[in-house]
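Notes follow the structure.
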Number of protein chains: 2
Amino acid sequence: MVDMNKILIVDDDDELRENLAEILSRRGFHIDEASSGEEAIKKASSDQFDIVLLDLMMPGVGGMDVLTELKKSKPRTKVIMITAFATIDNAVEAIKKGASDYISKPFQIDNLDVTIRRVLEESKFDISAKNLGLDHTLSSLTNYIRREIIKLLHINKSLHLMETTRALEIEDHTKVVFHLKMLKESGLIKQDKEKAYSLTKEGENALDCLKILESHLSS
Amino acid sequence: MVDMNKILIVDDDDELRENLAEILSRRGFHIDEASSGEEAIKKASSDQFDIVLLDLMMPGVGGMDVLTELKKSKPRTKVIMITAFATIDNAVEAIKKGASDYISKPFQIDNLDVTIRRVLEESKFDISAKNLGLDHTLSSLTNYIRREIIKLLHINKSLHLMETTRALEIEDHTKVVFHLKMLKESGLIKQDKEKAYSLTKEGENALDCLKILESHLSS
DNA sequence: GGGATATGTGAAGTATAGTTCACATGCTGT
DNA sequence: ACAGCATGTGAACTATACTTCACATATCCC
């Protein structure tokens with residue numbers, strides 16, 4: 001099942017969450033769970049989900065915070081909010097912040113299922129998603145240091161943090177950490193288990209574009 | 001004389017400035033003059049100079065302000081500072097801000113001439129200039145609204161401010177003014193006497209690159 | 001002349017990006 | 001065990017980009 005859709009269920013209510021997880025996985029989704037806002041953010045940023053089912057009401061880091069964070073770091077991930085009561089105001093706010101849809105507790109599984117499949121369907125024709133990706137990529141390329149990092153990684157194939165830092169002749173390594181993180185979030189570079197950074201396919205593409213722009217500008 | 005180098009002389013001392021203008025134009029440069037910081041900024045932003053000879057000490061908008069402004073709006077223009085006294089501190093500050101060189105009053109014309117030719121010579125091999133241009137272009141493309149404007153201008157060939165504003169469905173036209181100004185400063189668009197905006201050659205190139213990036217990203 | 005429309009400026013505010021520093025943690029060699 | 005280097009986090013700060021609003025000026029046309 002290569003193209004099984006990955007869903008992250010975020011709810012502090014253990015029983016509801018586990019029930020939901022079991023039902024949805026039986027219906028053909030690959031499920032992961034998080035019982036708090038913190039856990040949700042951690043899982044969502046280290047992995048790639050198609051949909052995040054997000055409870056709005058949670059102690060600590062609330063659903064709205066998770067939504068905000070998610071739309072920043074993984075703009076292409078679709079979020080469906082779950083509201084405990086039919087608090088339309090919150091739902092509207094969530095939609096404005098980029099949530100794809102919402103359902104109110106209590107809900108019928110079939111209803112949720114339909115919503116999920118509709119959101120997945122819509123995301124196939126999502127033009128704004130492409131635009132967001134473009135935004136992300138371009139804003140990565142705007143920065144001189146990040147362009148240098150991309151060039152370095154293209155030449156050296158793979159580099160560690162301190163190797164990169166020395167190659168750039170930058171004193172403060174945390175500055176490089178910052179830009180490496182940006183590049184990783186844009187999907188232009190990746191990091192292996194040995195902590196070494198290398199270009200992704202998209203990163204190579206971006207470098208190509210840089211070269212084209214450079215040559216166009218000099219003409 | 002198509003490739004005659006254009007120099008803008010900025011000095012509030014009329015006699016010195018006019019003398020300089022005459023001597024330098026006899027030596028084969030195309031000369032324009034400005035007697036104040038304001039005038040300098042206006043002329044420099046509406047025209048394209050290879051070198052700006054800039055007096056540091058001027059009433060009102062000082063030379064250092066002009067330098068700052070110039071390096072922002074026309075990063076590729078070379079600036080040679082003229083310091084009334086050999087105030088090394090100011091000169092050092094100017095160099096840090098991107099001035100190419102400086103000479104101290106009083107100076108020998110031959111000395112200035114040599115400096116000018118050396119700066120021109122250096123600018124031919126200027127890698128950072130290309131980088132600055134790239135920076136400018138890329139940061140223009142980062143913004144969604146500006147990308148939309150570029151696409152619009154590509155389709156419509158030429159548009160006025162309010163036409164653009166309406167096409168983008170933006171309420172506040174000053175927002176569009178802002179982005180149009182950015183694009184004009186990056187050299188991606190230009191404006192004719194009738195106030196209509198259109199893409200420059202560089203603007204068309206940038207659009208090509210956008211299309212490439214978009215198609216790369218969707219694959 | 002005066003109301004409607006177009007083109008802009010400048011100051012003030014908000015938002016986002018980038019920098020810096022103090023500190024945490026983990027590994028490696030002796 | 002502990003010195004030394006690598007990898008990274010988080011908070012505070014600065015800088016830059018973007019937005020908004022109040023206002024200015026010019027033109028058109030009735």
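By convention in this document, chain letters (A, B, ...) are assigned in the order of the sequence lines, proteins followed by strands, and residues within each chain are numbered from 1. Quick caveat, the model's predicted, so the values are computed rather than measured.
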Item checked: By side-chain hydrogen bond (donor to acceptor under 3.5 Å, both in side chains) - contacts of B:Thr115 (at least two apart) -> none
Checklist line | salt bridge (charged side-chain N to carboxylate O under 4.0 Å, His left out) against B:Lys175, all qualifying residues, sequence neighbours excluded | finding: none
Check: Excluding sequence neighbours, so at least two apart, what forms side chain to side chain contact (heavy atoms under 4.5 Å, CB included) with B:Ala196?
Finding: B:Ser158, B:His160, B:Asp192
Margin query: Reading DNA chain C from 5' onward, which residue's closest nucleotide shows up sooner: A:Thr142 or B:Arg166?
Written below: B:Arg166
Note to self: What does the B/S/- profile of nucleotides 7-13 of chain C look like, 5' to 3', with a 4.0 Å heavy-atom cutoff to protein?
What the structure shows: BBB----
Check: Please give, in whole Å, the distance from C:dA17 P to A:Met182 CE?
Finding: 7 Å
Item checked: Nearest-Å distance for atom pair CG/P, residues A:Leu141 and C:dA17 -> 14 Å
Check: Rounded to the nearest 0.5 Å, how far does CD of A:Glu38 lie from NZ of A:Lys43?
Finding: 13.5 Å
Check: Has A:Arg146 got a side-chain N or O lying under 4.0 Å from the OP1 or OP2 atom of C:dG18?
Finding: yes
Margin query: Run the side chain to side chain contact (heavy atoms under 4.5 Å, CB included) test against A:Lys190 and tell me which residues pass, sequence neighbours left out.
Written below: A:Ser198, A:Thr200
Item checked: Value in whole Å for how far the C1' atom of C:dC21 lies from NZ of A:Lys175 -> 13 Å
Margin query: Using OP1 and OP2 only, check whether a side-chain N or O of B:His179 sits under 4.0 Å from D:dT19.
Written below: yes
Notebook entry, point to check: Within this structure, what is the CZ-to-P distance between A:Phe178 and C:dA17, rounded to whole angstrom?
Noted result: 8 Å
Item checked: Of the listed nucleotides D:dT20, C:dT19, C:dC21, the one nearest the side chain of A:Ile145 -> C:dT19
Next item on the list: Under the side chain to side chain contact (heavy atoms under 4.5 Å, CB included) rule, collect the residues that match up with A:Glu15, sequence neighbours excluded.
Entry: A:Asp13, A:Asn19
Notebook entry, point to check: Rounding to a whole Å, what distance do you find between A:Asp172:CG and C:dA22:P?
Noted result: 11 Å
Next item on the list: Could you tell me the separation between the CG atom of B:Asn143 and the P atom of D:dT16, rounded to a whole number of Å?
Entry: 18 Å
